[in-house]
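I have placed the structure first, in the form of structure tokens, so that the comments after it can refer back to it.
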Amino acid sequence: MDDQKNLITFLLLSMMIFLIWGMFGSNKADQIREQAEIDQRFEQEQQAQENRSVEPVELKPREEVINAGQRITIDTPSLEGSFLVQGSRFDNISLKKYKKTLDKDSGNVVLLTPEGAEQAAYIYDNWVKEEGGTGANTAWSLVSGDVLSENSNIIMRHTGDGFSVERTISVDDRYLITLRDVVTNTSSGEINLVRKGMARQHGIPKGDGDARDISFILHQGAIAIVDNEQVQLPYKKFEDRREVTHVGEGGWAGLTDKYWLSAAIAPQEKNITAKFKYRNVNDSEIYESGYATEAFTLTPGASINSTGHIFAGAKDRKTLRKYERNVENDDGKVVFKGIAQMERAIDWGRLRLLTRPFNAAISWFHSLVGNYGVAIILLTTLIKLVLFPMFNKQYASQAKMKKVAPKQKKLQERYKDDRVKLQQEVMKLYRSEGVNPMAGCLPIIPTIFIFFALYKTVFINVELRHAPFFGWIQDLSARDPLSMLNGFGILPWSSMSDVPVANFFAIGPLAILYGITMAMTFSMSSAQAPTSGEGAANEMMQMQMKIFKWMPWIFMFVLAPFAAGLLIYWVWNNILSVAQQYYITRKYDVETGFDRFIARLRGKGKVEAD
């Protein structure tokens with residue numbers, strides 16, 4: 001059985017399952033869940049109404065909001081913007097190394113935006129009494145510094161009710177802001193203090209690149225690490241769950257989407273309560289993901305040191321892994337405590353045992369060749385080499401099946417009225433010729449896992465965002481920019497149409513190459529199809545072969561919207577499969593559909609199969 005046929009069958013069955021589940025299963029599950037939680041949701045709605053105002057607050061332009069309040073400039077090789085002194089609130093950060101679009105003048109990606117502007121998103125970290133609030137508007141005063149950079153720190157002070165905090169803020173060359181606090185009890189009695197950090201988002205953020213909400217592919221929403229375990233809550237489930245807490249050793253909590261992460265990082269190895277919370281304030285949906293430490297008890301005059309962090313940046317694997325490691329000075333003293341499980345911010349999915357090494361391999365190949373498209377080709381070749389022995393058995397089995405096809409046909413004609421005898425004789429023929437029909441099915445198992453793992457790798461890898469290949473392909477994470485709708489780049493408009501139906505025909509050169517190469521892999525085994533004979537079995541097989549002949553061209557349209565990087569993998573994988581299968585098939589002196597096609601081009605007419 002050809003691997004392409006098995007893969008197509010699997011994909012078709014998978015799509016049917018998802019469709020059936022979407023039409024019947026999910027609706028039934030939703031009804032059961034809603035019925036079970038109806039009373040609880042009614043109470044939650046009543047409580048939410050208390051937070052609603054009669055009229056929504058009018059939003060202001062982003063720049064106007066930024067100009068209000070005392071701010072400290074942030075300027076590093078990776079970040080630019082500012083933070084608000086009040087609330088120690090980091091709410092104006094752009095990423096210098098990432099543009100919004102391929103246009104060089106499109107501006108940098110804006111990650112954090114101050115409250116009062118559209119799509120507000122910010123992170124804060126403050127101290128409160130044990131029974132205090134969130135600390136979001138804690139009053140701080142500037143002690144020294146005016147620009148936060150790699151070489152200049154900021155010192156601030158907060159004087160609270162019976163305690164004070166002196167905070168030293170520093171930043172590295174990437175995305176980590178460090179908050180080193182000295183907390184002192186200035187009262188005449190014991191005091192219990194809690195450190196709280198929060199990432200807050202007003203409204204669901206607009207997506208970057210492929211912004212489709214496909215929850216079974218990508219997690220977007222709240223994420224936290226507690227007791228070295230990952231916990232998460234998608235944006236679309238916030239409103240139903242309202243509030244979710246997890247207690248354990250910290251840890252960090254934040255909000256994540258496809259490429260970016262905003263997180264408040266707790267003092268490590270301290271017990272925390274991570275909380276995901278949904279609120280509706282002034283008719284605006286607010287999504288929160290934060291932490292609160294266990295209460296620190298301070299006696300009069302006592303001081304403690306506490307270090308937390310703010311992360312605001314790209315989910316780059318190398319950078320995240322760097323933050324997981326302790327850093328020691330020359331004396332062996334730990335000057336930076338590694339942050340637990342930062343790499344888990346990347347949504348590796350259920351196939352993380354494959355997606356993580358695939359991601360690492362692409363990065364390594366890129367370091368050698370300097371092109372991520374070529375890196376994908378090299379990774380595809382490596383995977384093919386690893387699976388070479390398994391596919392050799394598959395193709396050898398297919399070749400033997402073709403070689404015994406004439407003998408099998410004679411048996412079918414001889415025993416057409418005795419199905420039991422026919423099966424016995426066919427199995428006897430297989431044993432005598434060394435044919436194993438099941439050998440062709442084995443490679444489909446790793447092929448399926450590799451297919452989905454590589455799709456996930458290309459889909460989530462921030463390194464592929466706006467990464468060029470050659471020629472017209474300037475973004476491996478996006479679909480092919482050329483299509484029939486824009487005359488493959490000749491016509492001066494987008495490759496996509498405003499009419500959804502028309503986009504079905506928005507196929508580009510990569511999709512066409514996929515259809516051609518997939519059809520070639522099919523031609524390697526087309527000789528197996530019966531061309532004559534009677535009986536339902538023969539008719540069914542002939543019909544099946546006709547259907548499969550159309551599959552490459554159907555999937556050419558279906559897969560056209562996928563990322564260019566993934567299509568490069570499929571095309572190159574098909575080319576390698578054709579070469580390997582052709583070699584093995586000719587080794588057994590069996591003619592292929594490709595041979596017959598070449599013969600017709602040379603004017604030799606149709607060549608009969610052996």
Side-chain angles (χ1 to χ4, degrees), residues 37 40-69 71 83-93 110-129 131-140 194-207 213 220-224 232-246 253-257 260-264 273-292 310 312:
E37 297 180 352
Q40 179 182 356
R41 293 190 61 180
F42 176 75
E43 295 176 1
Q44 291 172 341
E45 284 296 327
Q46 285 187 319
Q47 182 179 358
Q49 288 294 333
E50 298 176 2
N51 291 327
R52 297 178 187 264
S53 65
V54 178
E55 296 182 359
V57 173
E58 182 180 355
L59 299 177
K60 299 179 181 179
R62 187 173 187 274
E63 293 303 320
E64 181 179 337
V65 179
I66 290 173
N67 291 331
R71 290 189 166 272
F83 73 89
L84 190 64
V85 173
Q86 181 178 352
S88 188
R89 186 180 295 195
F90 294 82
D91 60 357
N92 173 31
I93 289 182
V110 176
L111 186 61
L112 300 179
T113 296
E115 185 177 14
E118 185 179 3
Q119 289 285 300
Y122 45 90
I123 314 170
Y124 59 83
D125 184 299
N126 292 288
W127 290 84
V128 297
K129 287 188 174 181
E131 302 301 327
T134 64
N137 297 306
T138 298
W140 291 84
V194 176
R195 182 170 190 162
K196 294 185 176 182
M198 179 79 72
R200 183 180 285 174
Q201 172 74 45
H202 292 238
I204 296 179
K206 298 176 181 178
D213 181 21
Q220 297 184 93
I223 183 172
Q232 55 189 28
L233 183 68
Y235 279 120
K236 66 179 184 179
K237 291 186 178 181
F238 259 82
E239 189 170 359
D240 288 338
R241 302 292 297 276
R242 291 288 171 170
E243 186 173 310
V244 178
T245 59
H246 300 274
L255 296 170
T256 182
D257 57 18
W260 324 117
L261 172 68
S262 305
T273 298
K275 180 183 292 186
F276 308 147
K277 187 174 182 179
Y278 170 87
R279 296 192 298 145
N280 192 307
V281 180
N282 297 326
D283 205 29
S284 174
E285 295 181 322
I286 297 178
Y287 304 87
E288 297 178 343
S289 176
Y291 76 86
I310 299 291

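For reference, positions follow the sequence shown, starting with 1. Only heavy atoms go into these numbers, but all of them, side chains included; no hydrogens, no water, no symmetry mates.
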Would you say the side chain of Ile93 lies within less than 4.5 Å of the side chain of Ile123, judging by non-hydrogen atoms?
no
Distance col, row Leu233:CG vs Gln220:CD, nearest 0.5 angstrom, shows 13.0 Å
Is it the case that the side chain of Arg242 and the backbone of Glu239 share a donor-acceptor pair, with hydrogens and angles ignored and the cut-off at 3.5 Å?
yes
Distance in Å, Glu243 CD paired with Arg279 CZ, rounded so as to fall on 0.5 Å steps
10.5 Å
Would you call Asp125 and Ser88 a side-chain contact if the rule is heavy atoms closer than 4.5 Å?
no
How many angstroms lie between atom CG of Leu59 and atom CD of Glu118, to the nearest 0.5 angstrom?
6.5 Å
Distance, nearest 0.5 Å, that separates CD1 of Ile286 from CD of Glu115:
6.5 Å
Would the distance check show the side chain of Arg89 and the main-chain N or O of Ala136 forming a donor-acceptor pair, the cut-off being under 3.5 Å?
yes
Which atom names give the shortest non-hydrogen contact between Trp127 and Thr138, and what distance separates them?
O-OG1, 4.4 Å
Result for salt bridge (Lys or Arg N to Asp or Glu O under 4.0 Å) between Asp91 and one of Arg71, Arg62, Arg200 points to Arg71
Step by step, work out the side-chain contact (heavy atoms from CB on, under 4.5 Å) result for Tyr235 and Gln201.
CA-CA 10 Å; Tyr235 279 120; Gln201 172 74 45; 4.1 Å; yes
Show your reasoning for whether side-chain contact (heavy atoms from CB on, under 4.5 Å) applies to Lys196 and Asn126.
CA-CA 6 Å; Lys196 294 185 176 182; Asn126 292 288; over 6 Å; no
Over all atoms of both residues, closest heavy-atom pair of Leu255 and Ala199
CD1-O, 3.7 Å
Would Glu288 and Lys275 satisfy salt bridge (Lys or Arg N to Asp or Glu O under 4.0 Å), going step by step from the backbone distance to the final call?
CA-CA 8 Å; Glu288 297 178 343; Lys275 180 183 292 186; over 6 Å; no
How long is the straight-line distance from CG of Leu111 back to CG of Leu261, given to the nearest 0.5 Å?
8.5 Å
Reported CD1-to-OG1 distance for the pair Ile223 and Thr256, which is rounded to 0.5 angstrom:
6.0 Å
List the steps and the verdict of side-chain contact (heavy atoms from CB on, under 4.5 Å) for Tyr287 and Tyr278.
CA-CA 5 Å; Tyr287 304 87; Tyr278 170 87; 3.8 Å; yes
Verify side-chain contact (heavy atoms from CB on, under 4.5 Å) between Tyr124 and Thr134, making sure each step is shown before the conclusion.
CA-CA 10 Å; Tyr124 59 83; Thr134 64; 3.6 Å; yes
Locate the shortest heavy-atom distance separating Leu112 from Ala312; write the atom from each residue and the value.
CD1-CB, 4.1 Å
What is the minimum heavy-atom distance between Tyr291 and Ala253, and which atoms define it?
N-CB, 4.4 Å
In short, Tyr122 meets Ala120 closest at the heavy-atom pair CE2-CB, 4.3 Å
Heavy-atom closest pair, residues Ala264 and Gly197
CB-C, 3.6 Å
